[in-house]
Protein chains: 2
Amino acid sequence: MPRGNCQGQGWWHGKFRGCGYRLTTGREAILDILSRSEGHLSAEDIYIKVHPRYPNVGLTTIYRTLDVLSNLGIVYKLDFGDGRARYELAEGPKGAHHHHHLVCTGCNRVIDYADFIDEEVELLQQTEKGLGKKYNFRINNHVIQFYGLCDKCNGKK
Amino acid sequence: MPRGNCQGQGWWHGKFRGCGYRLTTGREAILDILSRSEGHLSAEDIYIKVHPRYPNVGLTTIYRTLDVLSNLGIVYKLDFGDGRARYELAEGPKGAHHHHHLVCTGCNRVIDYADFIDEEVELLQQTEKGLGKKYNFRINNHVIQFYGLCDKCNGKK
DNA sequence: CTCCTTAATGAAAATGGTTTCCATTATTAA
DNA sequence: TTAATAATGGAAACCATTTTCATTAAGGAG
């Protein structure tokens, strides 16, 4: 079992309690799965992973919890254009690094990349600042994604 | 009636015919509406605009046509995260300029901006090139969008 | 520890944008 | 004009997500 868990298993408890949310079995189970899994899980993916150990956590609770987590900034809600939302821990005990996504429209594979992240982030921050001022917007999120065909899907046709 | 229509009303005919698509009343009506309207129309928006003049063009045809147009690169299919797709002419007779989008999550207003487009596009091209080579991807699309609250929605709460 | 308020829950039903089915119509090449 | 078949519309299906509502359980007060 890897070291590096910031504050033990309950690192999110504070954030939860601080906002008046109750700690429940379902919520802990969902966060547990999210922190054990590599990103990009759909609600159903999570349901399937949670269900064996906690058969009485319903899909509705998954959706509701993900909504809360997303609002708290604990998870990112992602949209890769395949009709279902995906979720990944914003920054878990594993200390995942900031990255963007490269989506294959052939097989829906998603590659996390961080190669040009610094330049991208710098430009994004500049742009956010400029746009925020010009249009009087309070920008609090951005999406940058590339779509294309991976080598496998590219060869196929 | 503004000048500037490149090749008259039928500028898309060639692209259509060249790909084996037939020219139908419905398709012409939809393209007509798209080129007369300012961007970001949903399928239903288009249906409502087309219906008075062509009451026998159904919503199904709207969806099917938009899919064709999107595949031909004549329209962009946009997703602003509100659960319905939006469409805008990629480059019509009006000669719309390339732009990105700034989305208010409060009122769903969308602002087209082109302020940092040059820098953004340059970085995107570099990144596409680098990522394409490193991951052996044929990248053919990207999304860059900012989300936030416009001045109105920001003040409200 | 027990009680009480009310947030949280699950199952089922509803929602709503989009797609599919299929019999009919219309386009276009010959 | 005709024949082949692409395109169509209306209804039904689809399916991820949300809502409803009666029940359960978290956690502060005592």
Side-chain angles (χ1 to χ4, degrees), chain A residues 10 12-31 33 40-72 74-75 77-87 105 108, chain B residues 10 12-31 33 40-72 74-75 77-87 105 108:
Chain A
W12 53 74
H13 287 197
K15 215 160 191 177
F16 251 79
R17 304 299 308 284
C19 296
Y21 291 108
R22 293 181 180 175
L23 292 170
T24 65
T25 314
R27 288 175 173 173
E28 301 235 42
I30 292 165
L31 271 162
I33 288 301
H40 316 153
L41 298 177
S42 69
E44 197 187 349
D45 290 338
I46 295 170
Y47 176 74
I48 288 170
K49 282 174 179 264
V50 165
H51 195 257
R53 203 187 308 232
Y54 304 91
N56 43 357
V57 170
L59 189 53
T60 309
T61 294
I62 310 278
Y63 277 108
R64 278 189 287 227
T65 299
L66 288 170
D67 198 44
V68 170
L69 294 175
S70 175
N71 288 334
L72 288 179
I74 296 175
V75 308
K77 183 176 183 177
L78 308 171
D79 177 0
F80 298 141
D82 67 340
R84 67 184 58 196
R86 312 269 168 176
Y87 301 84
T105 50
N108 289 323
Chain B
W12 54 76
H13 288 196
K15 214 160 191 176
F16 251 79
R17 304 298 306 284
C19 296
Y21 291 108
R22 294 179 177 175
L23 292 169
T24 66
T25 313
R27 288 174 175 176
E28 301 235 43
I30 291 165
L31 271 161
I33 288 302
H40 315 151
L41 298 178
S42 69
E44 196 187 350
D45 291 338
I46 295 169
Y47 177 75
I48 287 170
K49 281 174 180 265
V50 166
H51 196 256
R53 204 187 308 234
Y54 305 91
N56 41 358
V57 170
L59 188 53
T60 308
T61 293
I62 309 277
Y63 277 108
R64 276 189 290 227
T65 299
L66 288 170
D67 198 43
V68 170
L69 293 175
S70 175
N71 288 333
L72 288 178
I74 295 174
V75 309
K77 183 176 183 178
L78 308 171
D79 178 0
F80 298 142
D82 66 340
R84 66 184 58 194
R86 311 272 169 173
Y87 302 85
T105 51
N108 291 323

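Note that the coordinates shown come from a computational prediction; the quantities given were computed from them, not determined experimentally. Quick note on labels: first sequence line is chain A, next is B, and so on, each numbered from 1.
- For B:R22, taking side-chain heavy atoms from C-beta onward, the closest of the listed nucleotides D:dG10, D:dT18, D:dA4 is D:dA4.
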Checking ring-ring contact (aromatic ring centres under 6.0 Å, His included) for the pair B:H40/B:F80: CA distance, chi angles, key distance, verdict? CA-CA 9 Å; B:H40 315 151; B:F80 298 142; 5.4 Å; yes

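- Checking C:dA8, D:dA11, D:dT17 against every side-chain atom of A:A43, the shortest atom distance belongs to D:dT17.
- Taking atom CD on B:E28 and atom P on D:dA7, their separation rounds to 14 Å, with Å as the unit.
- Using a cut-off of 4.0 Å between Lys/Arg side-chain N and Asp/Glu carboxylate O, B:R86 and B:D45 are scored as salt-bridged.
- Heavy atoms of B:T60 sit under 4.0 angstrom from at least one base atom.
- Checked for salt-bridge contact, A:K77 and A:D67 miss the test: no charged N lies under 4.0 Å from a carboxylate O.
- With C:dT28, C:dT18, D:dT8 as the candidates, the nucleotide lying closest to the side chain of B:L23 is C:dT28.
- Comparing B:G58 and B:G20 by the nucleotide of DNA chain D that holds the closest heavy atom to each, the one mapping nearer the 5' end is B:G20.
- Base engagement by B:R64 is indicated by at least one non-hydrogen atom pair under 4.0 Å involving a base atom.
- Relative to the side chain of A:R84, the nucleotides D:dA16, C:dG17, D:dA7 differ in distance, and D:dA16 lies closest.
- In this structure, the nucleotide among D:dT17, C:dT18, C:dA29 sitting nearest to the side chain of B:R17 is C:dA29.
- Between C:dT9 and A:T24, a contact under 4.0 Å exists linking OP1 or OP2 to a side-chain N or O.
- Shown here for B:V57 and B:Y47, the closest heavy-atom pair between the two residues is O-CE1, 3.3 Å.
- Taking the side chain of A:Y63 as heavy atoms from C-beta on, and the options D:dT18, C:dA8, C:dT18, the nearest nucleotide is D:dT18.
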